Amino acid sequence: MTVVRVRFAPSPTGELHVGGARTALFNWLFARKMGGSFILRIEDTDVERSSKIYERSIMESLKWCGLLWDEGPDVGGNHGPYRQSERVKEGLYRSYAERLVESRQAYYAIYDPEDREKQIGISDTYPEREIQHGCSVTVKFRIPKGGYTEFNDILRGRIRFENSSLEDFVILKSNGFPTYNFAVVVDDHLMGISHVIRGEDHISNTPKQILLYEAFSWEIPEYLHLPLILGNDRTPLSKRHGATSVEYFRSKGFLSTALMNYLALLGWNVGEEEQIFLIDDVIERFEPHDLSNKNVIFDHQKLEWVNGKHLRMLAREQVRDAFKDFLAYTGRKEYLEKVEMDDFAEDVIEICRQKVNTLEQLADFAYPFFFDDYEYENNYVEKYLQDEKAGVIISEALKLFENLKDWTVEGVEKVVRGLPEHLEISKKKVFQTLRGAVMGRLVTPGLFETISVLGKKRVLERLRRTMKMVEG
RNA sequence: GCCCCCAUCGUCUAGCGGCCCAGGACACUGGCCUUUCAAGCCAGAGGCAGGGGUUCGAAUCCCCUUGGGGGCGCCA
């Protein structure tokens, strides 16, 4: 049995995209299931576009997702370095490229000094003279004439390409950096990668890579190409569809457990009609063959539904921690302090999470619990506060609450329930008037829970304040 | 243009020749519950892209068409 070693190899030219996160997730899942290793390799061979900022951001997102790697640029490992730019410095790719030149499987391509695009000749030996004349030079791989190249894809079976449909391609750029197709092969081989799990957009690259493996007489890994994630207009998911990066979902108040759950759901049928799960609980059930090979459309609504489920399913401390992470991540310092300081925060979260789907919604929904500067909705003012009965309702409630000792949900309920009949005012009017009086809005958690959690002091203060508005 | 991949409700999927006049989930519609809004529960509407084969029998196998996606860079 071969040791499973898989990798996720992002290029740091942007934030971690949900498609990338899904690729990373399935790689990670497979490694965990098989007791193998999950490796993070940074493919920063595009000097122009790569940046450290994105590298850090991708790693941060991956960590937030819970997709931790066993080997990588920060944690090290026996197959490093894990940044291609660092491997370039070791002369790695150049020496392998030269090996191919020596065996005539690659050659030097020489370009016009005036026009870098224009190839003016080729050479089997290092074209020293041309270089002195200002020509730039690359190393190109020679596609064998005739025949075909085929490989097995775990999801699709054998895929065959006629070699005649392939063209010689650059493996070493004129700046000495390897191209993608060359670097992956060299690195995957040197890093002992057993299974290559990546996006479907790489299918067409695979024959070139196979040819490279064959040129080196290296063992070819197993391949699995994942279908792509598209937007609702069936074009590849991009910024045009609004949300795409993991960062975005984090800042929008999604839970990482829910994001992973949804991403897994996208193309993987966990079985038994199961939709909601924690990724850790489902590792054993992961089977690459079960993955769908059909492109999928990203469904924000379902993600939100999954998120709501997780919000209600997780332990309350977990939700509290996630909420704090969200507040910190989105820079809401004051709010974060409140949640950290107020001992009733967990109770607030508990009664609010029943009604919302995201942490962002939670922040809005719970706001009046933590802050006194909330505003009174126009709706409430016009419909209830300006009603002639408002004063009676609030003053009567105030009187009863002032004397109330039992501030439990049951105790509060008893008092509030008695009011409509006692005042001979409709239940709805009484409840809504009170709801708005203590929260400023008409949509809140259950009234009794709200009043109970708010506590006697706050409730009395707020009732008095609202009363002043009625009178004044 | 050439090469490759894919095709079940709007979306994600179950189905791998008879159990399917196609099952589940999200969304949608209606109802129940109810102090608001949700949640929850119940019900409903909605699909095998089209055409040829193969077979006693096809969503399932084969071919063609159509449609969607990917690739053909000194990007990854």
Side-chain angles (χ1 to χ4, degrees), chain A residues 9-14 43-50 84 109 111 116-117 119 136-140 153 155-156 159-162 164-167 169-184 198-208 225 227-228 230 232-236 262 265-276 292-306 308-309 311-312 352-357 361 365 379-380 413 416-417 420 426-436 439 441-450:
Chain A
S11 66
T13 54
E43 309 217 324
D44 53 354
T45 54
D46 185 337
V47 218
E48 305 279 295
R49 296 195 300 147
S50 296
Q84 288 182 332
Y111 302 83
R116 281 177 46 108
E117 308 281 295
Q119 188 176 317
S136 59
V137 165
T138 65
V139 177
K140 276 179 126 177
D153 182 283
L155 297 183
R156 300 156 222 268
I159 298 177
R160 171 189 293 199
F161 290 81
E162 295 296 328
S164 58
S165 70
L166 270 24
E167 282 176 12
F169 59 95
V170 174
I171 57 177
L172 206 67
K173 307 178 198 176
S174 56
N175 67 1
F177 276 65
T179 57
Y180 166 75
N181 282 121
F182 188 59
V184 220
R198 77 223 308 191
E200 189 184 277
D201 48 340
H202 288 293
I203 289 182
S204 307
N205 287 321
T206 311
K208 294 178 186 170
H225 290 94
L228 269 23
L230 309 178
N232 43 13
D233 57 357
R234 296 214 157 268
T235 63
Y262 176 67
L265 226 39
L266 219 50
W268 178 30
N269 191 259
V270 181
E272 290 133 77
E273 286 155 24
E274 216 165 330
Q275 304 277 322
I276 302 300
S292 157
N293 57 4
K294 200 183 104 186
N295 285 171
V296 292
I297 291 174
F298 195 84
D299 184 348
H300 287 264
Q301 283 182 308
K302 187 150 185 177
L303 201 215
E304 192 173 316
W305 173 75
V306 171
K309 286 285 194 184
L311 212 49
R312 269 158 245 129
C352 288
R353 69 162 160 174
Q354 308 302 328
K355 316 245 172 190
V356 297
N357 285 330
Q361 291 164 12
F365 203 63
N379 239 351
Y380 170 65
E413 175 163 5
V416 178
R417 280 225 190 268
S426 80
K427 205 196 289 186
K428 180 167 179 173
K429 190 175 278 187
V430 172
F431 281 41
Q432 289 298 72
T433 301
L434 290 180
R435 190 190 306 282
M439 296 289 280
R441 45 174 89 176
L442 293 172
V443 177
T444 77
L447 224 210
F448 319 134
E449 288 89 337
T450 298

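Letters A, B, ... mirror the listed sequences (proteins, then strands); counts begin at 1. Because the structure is a prediction, the values reported are computed rather than measured.
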When we call it a touch if two heavy atoms are under 4.0 Å apart, what does [X] touch: a base, just sugar-phosphate, or nothing?
X        : result
A/Gly267 : sugar-phosphate
A/Ser11  : sugar-phosphate
A/Ile297 : sugar-phosphate
A/Lys429 : nothing
A/Arg234 : sugar-phosphate
A/Pro236 : sugar-phosphate
A/Phe169 : nothing

Give a yes/no answer on whether the side chain of [X] brings an N or O atom under 4.0 Å of OP1 or OP2 in [N].
X        : N     : value
A/Lys427 : B/U36 : no
A/Ser292 : B/U13 : yes
A/Lys173 : B/C75 : yes
A/Arg417 : B/U35 : yes
A/Arg198 : B/A76 : no
A/Lys309 : B/G40 : yes
A/Thr45  : B/A76 : yes

Rounded to whole angstrom units, what separation is found between the [atom1] atom of [X] and the [atom2] atom of [N]?
X        : N     : atom1 : atom2 : answer
A/His225 : B/A76 : NE2   : C1'   : 13 Å
A/Gln432 : B/U35 : CD    : C1'   : 7 Å
A/Asn295 : B/C6  : CG    : P     : 10 Å
A/Lys208 : B/A76 : NZ    : C1'   : 12 Å
A/Leu228 : B/G69 : CG    : C1'   : 7 Å
A/Asp299 : B/C28 : CG    : P     : 11 Å
A/Leu303 : B/U13 : CG    : C1'   : 17 Å
A/Asn269 : B/C12 : CG    : C1'   : 9 Å

Considering Watson-Crick and G-U wobble pairs with both distances under 3.5 Å, what does [N] pair with?
N     : value
B/U29 : B/A43
B/C72 : B/G1
B/A38 : none
B/A49 : B/U65
B/U60 : none

Taking the [atom1] atom in each of [N] and [M], what is the distance between them to the nearest angstrom?
N     : M     : atom1 : result
B/C26 : B/U54 : C1'   : 38 Å
B/C19 : B/A58 : P     : 11 Å
B/C2  : B/G10 : P     : 32 Å
B/A27 : B/G67 : C1'   : 24 Å
B/C21 : B/G47 : P     : 15 Å
B/C74 : B/G15 : P     : 43 Å
B/A45 : B/A22 : C1'   : 16 Å
B/C3  : B/C9  : P     : 29 Å

SB check A/Asp153 A/Arg156 (cutoff 4.0 Å)
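Answer for the salt bridge query: yes.
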
Toward the 5' end of RNA chain B, by each residue's nearest nucleotide, A/Phe448 or A/Phe298
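In this pair, the answer is A/Phe298.
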
Hey, mind stepping through A/Lys140 and A/Gln119 against side-chain hydrogen bond (donor to acceptor under 3.5 Å, both in side chains) and telling me if it holds?
CA-CA 11 Å; A/Lys140 276 179 126 177; A/Gln119 188 176 317; 2.8 Å; yes

Under a 3.5 Å cutoff, is there a donor and acceptor pairing between the side chains of A/Thr179 and A/Asn181?
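Distance-only check fails for A/Thr179 and A/Asn181.
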
Are A/Gln361 and A/Glu304 linked by a side-chain donor-acceptor pair shorter than 3.5 Å?
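Judged by distance alone, the side chains do pair up.
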
Smallest separation among heavy atoms of A/Asn293 and A/Leu155, with atom names:
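In terms of heavy atoms, the two residues are closest at ND2-O, 3.6 Å.
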
Check A/Ile297 against A/Tyr262 and note the closest heavy-atom contact, atom names and distance.
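Distance-wise, the nearest heavy atoms are O-OH, 4.0 Å.
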
On a plain distance test, is the side chain of A/Lys355 in donor-acceptor contact with the base of B/C37 below 3.5 Å?
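Side chain to base: pair found, below 3.5 Å.
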
With a 3.5 Å cut-off and just heavy-atom distances, do the side chain of A/Asn205 and the base of B/A76 make a donor-acceptor pair?
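Check passes, donor-acceptor contact within cut-off.
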
